[in-house]
Amino acid sequence: MALLFALVIDPAASDDPRSDFADTFRVIDPSAPALSVGELSTQRGDGIFESIGVVDGHAQETEAHLERLAHSARICDLTAPNLTQWRAAVQVAAQHAPRHGEGVIKLILSRGVEHGPAPTAWVTVAAAPDNTAVREHGIRVVTLDRGYGIDTPAKAPWLLLGAKTLSYAVNMAAIREAKRRGADDAVFVTSDGFVLEAPTASLILRIDGRFVTPAPNGGILHGTTQLSLFAHLEEEGHDTGYATLPLSALAETDAAWLVSSVRLAAPITAIDGVEVPVDAELTASFNRYLLSPRD
C-alpha cells in the first residue's frame, strides 16, 4: 500500500488536559526517511500499532482502536497514550484518506530511540488494497501450531500475548507457510489443541445457529471488527458468544469467517483441505454493515 500521508506525533502525557494538540503534530513526506537508525521499533519490533479502516473518508471504529492501543501499551509497559491527542491525529489523517472507496490509517507507538528520546509515535494513511475478491469468493485456510498451550498467557504474561505489537515476523511467516501448503491464510491453534485466531484477523464460526469466536483467555487479540459484528448480530436477534474451542469445533461449523478492519469479512471455504459451506447472502450482509459508517 503506497502511503498518501504521514504525521509524526510528539507524545503528550496521558493526563495532559489540553484539548488542542495541533502543535504536537508534524506532517512529513511519507516517502522520505524519517526514523533514527537507533529506533527500537525497527531494531526490535518494540512497539504497538493499530490499523483503522477508512470508508469514504470516515475512520471506522476509532474509539475501539484507541482503547485497544491503550490496552496494548499497558501490556507492553509503554508510555500510556493520550487518547485525546491520538483521536485528533486520526481526525487529521482521515482528511487525507481517499474520499471515495477504502483506506487505512495506521497508528504506531514505539518505545523510541535506544538511549533516548522516547517514545516515538506516528500515523500513516494509505489506500486499502482491493479485497472484493476475497469477500465474495472466500479464502482457504490451514491450521498451524502457535507453539504454546492454552494456559501459557496466564502463566507467562511477559510474552505479551494479546497485545498488538510490531513484532509480526511470526504472523507473516505463518501466512507464507499457509501459501506453501496451497491455502490463502492460517488459523493458529495451541499446542494442546485449542483454536486461537488468524495471523491478522479474528475467527468467527457458526455452529448450530450460534456465532462463536475463541475466548480471549488464550492470548488472543480482541478484534475490533469481531466486536462490532457481534453487536450487529445481536441487534439482528442472533445468538453470539465466546468459547474455549477445541480443534474439533472446526469440523462442526456450517460457516466460518476471518474478519479484520481492512479485509472485513472473508468467508472460509476450506480448512485443512476440508470444504466449509459458504453463506454468501449472510457474508454480503456482513460486509454491507462493515462498510457502513461506524464510530
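Computed over heavy atoms, backbone and side chain alike; hydrogens, waters and symmetry mates excluded. Residues take their numbers from the sequence shown, with the count starting at 1.
When only modelled atom types and interatomic distance are considered, Gln60 and Ser261 share no side-chain donor-acceptor pair under 3.5 Å. With hydrogens and angles left out, the side-chain atoms of Tyr289 and Ser228 include a donor and acceptor closer than 3.5 Å. Looking at Thr240 and Glu234, their side chains do bring a donor and an acceptor atom within 3.5 Å of each other. There is a side-chain donor-acceptor pair under 3.5 Å between Asp272 and Thr143.
Considering all non-hydrogen atoms of both residues, Val189 and Leu196 come closest at C-CD1, 4.0 Å. Annotation for Pro267 and Val134: closest pair CD-O, 3.4 Å, computed over non-hydrogen atoms. The shortest non-hydrogen separation linking Ala89 to Leu7 is CB-CD2, 4.1 Å. Residues Cys76 and Ile48 approach most closely at SG-CG2, 3.9 Å, considering heavy atoms. The minimum heavy-atom distance linking Arg206 with Asp279 is given by the pair NH1-OD2, 3.0 Å. When every heavy atom of Ala215 is checked against every heavy atom of Ile220, the shortest pair comes out as O-CD1, 3.4 Å.
The hydrophobic cluster containing Ile139 also contains Leu205, counting ILVMFWY residues as joined when their side-chain heavy atoms lie under 4.5 angstrom apart, directly or transitively. In the hydrophobic cluster analysis, where Ile, Leu, Val, Met, Phe, Trp and Tyr join through side-chain heavy atoms closer than 4.5 angstrom, Val195 is grouped together with Leu258. Cluster membership for Val54 and Leu66, using ILVMFWY side-chain heavy atoms within less than 4.5 angstrom, is shared. In this structure, Val123 is a member of the same hydrophobic cluster as Val27, with clusters built from ILVMFWY side-chain heavy atoms closer than 4.5 Å. Under a hydrophobic clustering in which Ile, Leu, Val, Met, Phe, Trp and Tyr are joined whenever their side-chain heavy atoms come within less than 4.5 Å, directly or via other members, Tyr168 and Leu109 fall into different clusters.
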Could you check Arg111 against Asp77 for salt bridge (Lys or Arg N to Asp or Glu O under 4.0 Å), going step by step and ending with a plain yes or no?
CA-CA 9 Å; Arg111 202 170 301 278; Asp77 293 322; over 6 Å; no
Given Ser191 and Asp145, is the side-chain hydrogen bond (donor to acceptor under 3.5 Å, both in side chains) satisfied, shown in steps?
CA-CA 6 Å; Ser191 296; Asp145 191 331; 2.9 Å; yes
Glu61 vs Thr225, side-chain hydrogen bond (donor to acceptor under 3.5 Å, both in side chains): CA-CA, chis, key distance, verdict
CA-CA 8 Å; Glu61 304 285 353; Thr225 305; over 6 Å; no
After noting the C-alpha distance and the side-chain angles of Glu236 and Leu233, does the key distance pass the side-chain contact (heavy atoms from CB on, under 4.5 Å) rule?
CA-CA 5 Å; Glu236 295 290 311; Leu233 285 167; 5.6 Å; no
Evaluate the criterion side-chain contact (heavy atoms from CB on, under 4.5 Å) for residue pair Thr152 and Leu159; output intermediate values, then yes/no.
CA-CA 9 Å; Thr152 298; Leu159 293 178; 3.6 Å; yes
Audit row: Leu35, Thr42, side-chain contact (heavy atoms from CB on, under 4.5 Å) steps and yes/no
CA-CA 9 Å; Leu35 296 177; Thr42 54; 4.0 Å; yes
Could you check Leu69 against Trp86 for side-chain contact (heavy atoms from CB on, under 4.5 Å), going step by step and ending with a plain yes or no?
CA-CA 10 Å; Leu69 186 76; Trp86 284 86; 4.0 Å; yes
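The backbone N or O of Leu250 sits nowhere less than 3.5 Å from a side-chain atom of Thr253 that would complete a donor-acceptor pair. For the pair Asn171 (side chain) and Pro199 (backbone), a donor-acceptor distance under 3.5 Å is present. Asn82 places a side-chain N or O within donor-acceptor distance of the main-chain N or O of Ala13, the cut-off being under 3.5 Å. Under a 3.5 Å cut-off, the side chain of Gln43 and the backbone N or O of Val37 do form a donor-acceptor pair.
By the 6.0 Å and 45° rule, Arg135 does not stack over the aromatic ring of Phe286.
Within a 6.0 Å radius of CZ in Arg26, other residues, nucleotides and ligands contribute 12 heavy atoms or fewer. For Asp29, the CG atom counts as densely surrounded, since its 6.0 Å shell holds more than 12 non-hydrogen atoms of other residues, nucleotides or ligands.
Taken to the nearest 0.5 Å, the OG1 atom of Thr62 stands 11.5 Å off from the CG atom of Leu83. To the nearest 0.5 Å, atoms CG (Leu107) and CD1 (Ile9) are separated by 7.0 Å. The CG atom of Leu291 lies 8.5 Å from the CG atom of Asp56; values are rounded to the nearest 0.5 Å. The CG atom of Asn131 lies 7.5 Å from the OG atom of Ser260; values are rounded to the nearest 0.5 Å. One finds the CG atom of Leu221 at 6.5 Å from the OG atom of Ser72 (value rounded to the nearest 0.5 Å). If you take CG on Asp130 and OG1 on Thr132, they are separated by 3.5 Å, rounding to the nearest 0.5 Å.
Under the 30°/60° scheme for interplanar angles, the aromatic rings of Trp257 and Phe211 are found to be tilted.
For the pair Phe230 and Ile204, the minimum side-chain heavy-atom distance is below 4.5 Å. Within the 4.5 Å cutoff, the side chain of Val90 has heavy atoms near those of the Ile52 side chain. With a 4.5 Å cut-off on side-chain heavy atoms, His232 and Leu290 do not count as touching. Counting heavy atoms from C-beta on, the side chains of Leu40 and Glu114 come closer than 4.5 Å. Side chains of Pro119 and Pro11 form a contact here, defined as non-hydrogen atoms less than 4.5 Å apart. The closest side-chain heavy-atom distance from Phe49 to Ser41 is not below 4.5 Å. The closest side-chain heavy-atom distance from Asp254 to Ile207 is not below 4.5 Å. Looking only at side-chain heavy atoms (C-beta outward), Leu166 and Ile108 come within less than 4.5 Å of each other.
Salt-bridge annotation for Arg68 and Glu50: present, with a side-chain N of the basic residue lying under 4.0 Å from a carboxylate O of the acidic one. Between Asp23 and Arg18 there is a salt bridge, with a side-chain nitrogen of the basic residue lying less than 4.0 Å from a carboxylate oxygen of the acidic one. Between Glu275 and Arg140 there is a salt bridge, since a side-chain N of the basic residue sits under 4.0 Å from a carboxylate O of the acidic one. In this structure, Arg263 pairs ionically with Asp185, as a charged nitrogen and a carboxylate oxygen lie closer than 4.0 Å.
Ring centroid separation for the pair Phe194 and Phe188 does not come in under the 6.0 Å cut-off. Side-chain rings of Tyr242 and His222 approach one another, their centers coming within less than 6.0 Å.
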